[in-house]
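Each chain gets a letter, A, B and so on, in the order its sequence line appears, and its residues count up from 1.
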Amino acid sequence: MPDNNTILLAVQTAAARHGNDPANLVQILREVQDALGHIPEEAVDDIARFLDIPRVRVAGVRGFYHFFHDRPHGRYEILFSDNIIEHLQGKPELLQQMCTRLWVEPERMSEDGLVRVGSTSCIGMSDQGPAALVNGVPVTRLNMERVETMVELVQKGVPLSQWPADFFQVEDNLRRADVLLGEPLERGAGVRAAVEKGSDGILAEIDRSGLRGRGGAGFKTAVKWDFCRKAVDTGEECSIVGPKVCDNTAATVRYVVCNADEGEPGTFKDRVLLNSHADLVFEGMTVAARVIGARQGFLYLRGEYRYLFDKLNGILAQRRRDGLLGENILGSGFSFDIVIHLGAGAYICGEESALIESLEGKRGTPRNRPPFPVTHGYLGKPTVVNNVETYALAAKIAAKGGEWFAAIGTAQSTGTKLLSISGDCERPGVYEYPFGVTVRQVLADCGAQDARAVQVGGPSGTIIGEGEFDRRLAFEDLATGGSFMVFNRERDIFEAARNFSSFFAHESCGFCTPCRVGSTLLKKGMDKIASGHGTCADVEELKRIGQLTRAMSHCGLGQTAANPVLQTLDKFWGDYEKRLISKEFEPSFDLDKALAVARRITGRDDAWAHVSAD
Amino acid sequence: MSEQKKIRVATCSLAGCFGCHMSFLDIDERLLQLLEHIEFDRTPLTDIKHCGPCDVGIIEGGVCNSENVHVLKEFRKNCKVLVAIGACAVNGGIPAVRNNIDLWECFQEVYHYGIGLKNGQIPNDPELPLPFDQVHPIYEVVKVDYFLPGCPPPADAIWKFLTDLLAGKTPKLEYETLHYD
Amino acid sequence: MSDNTINIDGQTVPFLPGQTIMEAAMAAEVYIPHLCHNPEFTPHGSCKLCTVSVNGRSAAACTMPAAAGQQILNNTEELNANRRALVQMLFVEGNHFCPFCEKSGNCQLQALGYYLGMMDPHYNHFYPARAVDGSHPDVLLDLNRCIMCELCVRASRDVDGKNVFGLTGRGIHTHITVNSPSGRLGDTNLAVSDKAAEVCPVGAIIKKRHGFAVPIGERLYDHKTIREVQTEAHK
């Protein structure tokens with residue numbers, strides 16, 4: 001355990017680096033944990049003192065994020081990605097093997113404090129899984145052999161830096177490129193266009209392009225940016241008023257935020273964009289800043305992508321040196337800079353208002369809306385939040401104009417979309433398609449010959465069966481943030497839905513009743529069916545809970561948490577039916593198992609010490 | 001009316017305190033009125049050990065041990081309508097307060113460390129019902145048709161509930177007689 | 001129709017600019033069931049009991065701004081059934097034992113159960129392991145009964161200026177924590193006279209030695225529904 005001076009020094013250093021600003025609390029907690037291994041109570045007190053905030057707030061934030069720990073969690077922390085695709089590729093067996101070999105129980109640190117093996121939500125590597133985070137760094141393409149080597153490395157205490165480099169190899173797996181990834185844009189072309197055409201000019205191009213947000217919801221980018229640039233901060237109240245347009249010199253402070261919290265299970269296209277096209281993304285953010293009149297931008301990078309952090313900061317530094325970022329960009333008088341904030345393991349922070357809360361150093365609880373971030377965003381100021389891909393596209397549109405983009409795709413869904421394809425196909429990876437492509441076409445291209453179902457847009461999206469493979473990927477038909485998980489004929493769709501239900505229960509922020517309790521009830525209901533104790537009555541109950549959760553929840557997470565259950569009940573009933581028992585009622589718990597403790601204590605095993613199933 | 005077949009009713013207390021039964025008796029002279037329409041099968045008032053075919057089964061108390069399950073299942077099998085009466089049957093009640101105490105600790109306290117105990121032993125007689133790790137309301141073990149909460153439900157609530165039920169109506173309590181305490 | 005009215009269940013309700021649906025409804029003595037909302041505090045919107053249908057879409061009345069012409073459904077069978085389900089969810093996720101709770105009769109969760117005709121908790125109980133903190137000389141904190149409405153958090157922060165309470169954990173493990181390194185209420189600067197000590201709508205925060213000052217049978221919701229009590233309180 002670190003002594004008080006070590007703790008104090010760690011806190012002092014981290015707090016000072018972040019200007020003792022409570023808005024940077026999440027970043028400070030991360031750095032303190034880096035230094036100390038965990039965040040002990042003394043550190044919470046010190047942080048509270050340095051930032052001049054109540055300790056209860058520090059403790060509350062520490063307790064919210066999965067990657068923060070209030071006690072030691074092993075010198076090696078190995079977290080297997082719990083994505084269903086990796087699950088089907090052998091994750092449970094690999095995890096079990098690792099635990100057996102290391103003599104540990106899942107999710108529990110070994111007694112000597114050496115290692116903890118557990119699971120975590122999808123880490124964005126399902127095209128090269130099964131994968132795991134080892135002390136926050138992804139190890140891909142796990143198999144029994146690799147697990148065996150990892151066990152040895154852990155037991156010998158070999159530092160991560162000395163592990164075989166190919167363990168950490170993350171491939172882009174770019175399989176199909178179109179206008180975004182196939183045609184390189186000269187570095188700085190987007191920013192140059194923004195500086196030349198100005199706010200109105202660029203906005204007009206974005207508008208002409210028909211660009212819609214790529215996170216999945218598909219809000220018109222031009223409309224969002226226009227709302228934001230027209231929003232005027234009048235102190236307490238901030239409202240959209242027209243036609244006044246603000247620029248950099250205006251009194252209203254505005255922010256550009258890039259949502260790189262790519263947490264929807266099965267998506268990894270932002271990982272590829274940030275790994276190989278980060279300039280394009282930063283360029284797009286700068287374009288947005290020019291349009292709305294922002295001086296400050298944030299890239300909110302999910303904690304799982306932390307391995308990209310230094311690389312991205314390097315690119316930002318280079319852009320500053322090249323006059324593409326920072327003060328007086330390209331000598332135009334326009335100034336804008338970008339800071340990268342790291343998340344700490346919370347799917348909910350992909351919801352834009354929760355993301356802003358997290359950026360402000362708070363628990364990632366979605367806000368009440370209205371007001372929306374375009375008027376009340378980061379620190380209550382007008383803020384544009386867009387997806388990584390949206391910014392990359394905006395940079396291209398700024399440079400090349402809106403017309404060519406509008407000519408691609410469909411009427412309501414212009415341009416191209418990046419898909420993250422994983423699962424039962426020969427060539428998983430990132431595919432760029434013009435909107436409007438059919439699922440069937442995509443399946444053919446990725447080598448999915450035996451597909452039974454596709455989960456489009458991740459667990460919160462839509463699952464479709466063979467009869468729907470002619471549907472098109474577009475906002476008019478199948479809207480998607482890009483996740484595309486393929487299941488072949490041997491796959492059990494019930495297990496996929498159960499995995500997704502666990503995911504939502506695990507990731508619910510806990511703010512509102514219907515999601516907090518409803519998602520847990522859904523998970524429990526699915527577990528009951530999986531254990532062979534489910535009845536038709538349990539299924540009916542799941543439907544009712546699902547509808548309630550959908551109708552009453554606070555944000556998109558809760559409103560979609562029941563999608564997997566409700567949709568698969570509708571489309572893949574057979575996978576449920578074969579598990580159900582033909583009884584009117586089945587107890588909520590395993591009666592005989594519930595006597596096991598008493599049997600052990602009394603040493604009894606007679607007939608009366610058991611309760612039969614009937 | 002007198003020619004009509006009487007409605008057969010069984011009652012029992014599982015992990016309860018018989019307080020609900022006491023409250024039932026508090027309907028006082030109305031009990032006679034009730035007996036014009038009903039007859040008792042297994043209840044603490046009769047000496048019938050097992051529940052036979054009945055119209056209505058009324059269960060007080062939650063499920064805390066194996067015997068409770070056997071009795072409860074016998075009631076469910078034999079009763080057309082099953083009623084959970086009282087807080088314990090409805091949500092586990094006071095006995096469920098032990099649900100977060102380790103069973104081993106409970107046993108230790110009761111059989112080893114309790115005041116006046118010396119060389120205490122944990123009994124292992126097969127005749128003793130074995131306790132579950134947690135206490136549950138009866139609806140988590142069998143299907144329950146009606147609930148009458150309260151600790152205990154007031155006699156008036158029981159009267160209203162039963163008379164509604166006997167009249168073939170869905171029981172509906174007045175605001176002031178619906179209580180969880 | 002005037003510009004600043006909304007329609008709730010067929011009744012025309014006026015509103016002032018900036019008012020939420022809940023505020024407009026309360027002013028007009030239209031009851032919308034609620035639990036985490038307390039008119040003395042900034043709206044929160046977490047319990048979702050006050051969910052109404054606004055022009056066909058669900059919204060929490062306590063946080064949704066009133067806007068001219070809104071057609072709102074409130075006291076419908078479907079919405080009340082959903083509200084009952086939410087109350088049931090709150091009952092099973094915690095450990096709510098009314099028979100020995102000092103708050104019984106004054107408890108808003110219980111009163112909403114009565115108002116909405118909840119006869120049983122319906123869902124399977126979670127029976128979570130939650131802490132009871134009796135370290136404070138005058139105030140008891142029993143997390144078994146907490147419904148995560150954050151009224152104590154808001155009261156301590158916004159009224160008392162103390163930040164004694166806060167939330168930690170996440171999802172179903174979300175819980176109240178207190179502002180002391182030991183994690184004990186007794187080590188915070190909470191005073192029994194604080195707003196935070198009296199604002200709890202359930203029995204999670206109760207003043208010691210006051211539990212039975214008002215006998216059972218004479219309590220707030222013993223003879224009047226929560227609808228009557230809260231509508232009268234607003235007059």
* Just how far is it from atom CD1 of A/Ile53 to atom CG of C/Asn163, taken to the nearest 0.5 Å? -> 9.5 Å
* Please tell me if the side chains of C/Val164 and A/Val56 come closer than 4.5 Å, counting only heavy atoms from C-beta onward. => no
* Min side-chain heavy-atom separation A/Pro514-C/Leu86 under 4.5 Å -> yes
* Structure fact -> So, the part of C/Ser46 with a heavy atom under 4.5 Å from chain A: the answer is both
* Considering only heavy atoms and a distance below 4.5 Å, find which of A/Ser553, A/Ala346, A/Cys515 pairs most often with chain C. => A/Ala346
* So which of C/Thr174, C/Thr63, C/Leu167 has the biggest tally of heavy-atom pairs under 4.5 Å with chain A? -> C/Leu167
* Asked: Is the number of heavy atoms from other residues, nucleotides or ligands under 6.0 Å of A/Asp3 CG greater than 12?
  -> yes
* Please state whether the side chain, the backbone, both or neither of C/His44 comes within less than 4.5 Å of a heavy atom of chain A. => both
* Under 4.5 Å from any heavy atom of chain A - which part of C/Val178 -> backbone
* Structure fact -> Pair count under 4.5 Å, heavy atoms only, with chain A: among C/Leu90, C/Thr188, C/Asn124, C/Asn179, highest is C/Asn179
* **chain A contact via C/Pro181 - which portion, at a heavy-atom distance below 4.5 Å** => both
* Asked: Measuring heavy-atom distances to chain C, does A/Ile545 have an atom under 4.5 Å in its side chain, in its backbone, in both, or in neither?
  -> side chain
* Asked: Got a sec: does the CZ of A/Arg108 have more than 12 other heavy atoms crowding it under 6.0 Å?
  -> no
* **Spacing of A/Leu548 atom CG and C/Met89 atom CE [to the nearest 0.5 Å]** => 4.5 Å
* Between A/Glu42 and chain C, which part of the residue has a heavy atom less than 4.5 Å away: side chain, backbone, both or neither? -> neither
* From C/Glu78 CD over to A/Gln547 CD, what is the distance, rounded to the nearest 0.5 angstrom? -> 9.5 Å
* Asked: Which value, rounded to the nearest 0.5 Å, describes the distance between C/Gln88 atom CD and A/Leu521 atom CG?
  -> 10.5 Å
* Structure fact -> The interface call for C/Leu35 against chain A, heavy-atom contacts under 4.5 Å, is neither
* To do: Name the member of C/Ser180, C/Ala59, C/Gly166, C/Ser58 that forms the most heavy-atom pairs with chain A at distances under 4.5 Å.
  => C/Ser180
* Toward chain A, the part of C/Ser53 with a non-hydrogen atom under 4.5 Å -> neither
* **Inter-residue atom distance A/Arg363.CZ - C/Arg170.CZ, 0.5 Å rounding** => 9.5 Å
* Checking heavy atoms, do the side chain of C/Thr51, its backbone, both or neither come under 4.5 Å from chain A? -> side chain
* Who among A/Arg369, A/His554, A/Arg55 has the most heavy-atom pairs with chain C under 4.5 Å? -> A/Arg55
* To do: Step through it carefully: locate the ring centre of C/His125, locate the ring centre of A/Phe589, and say whether they are under 6.0 Å apart.
  => no
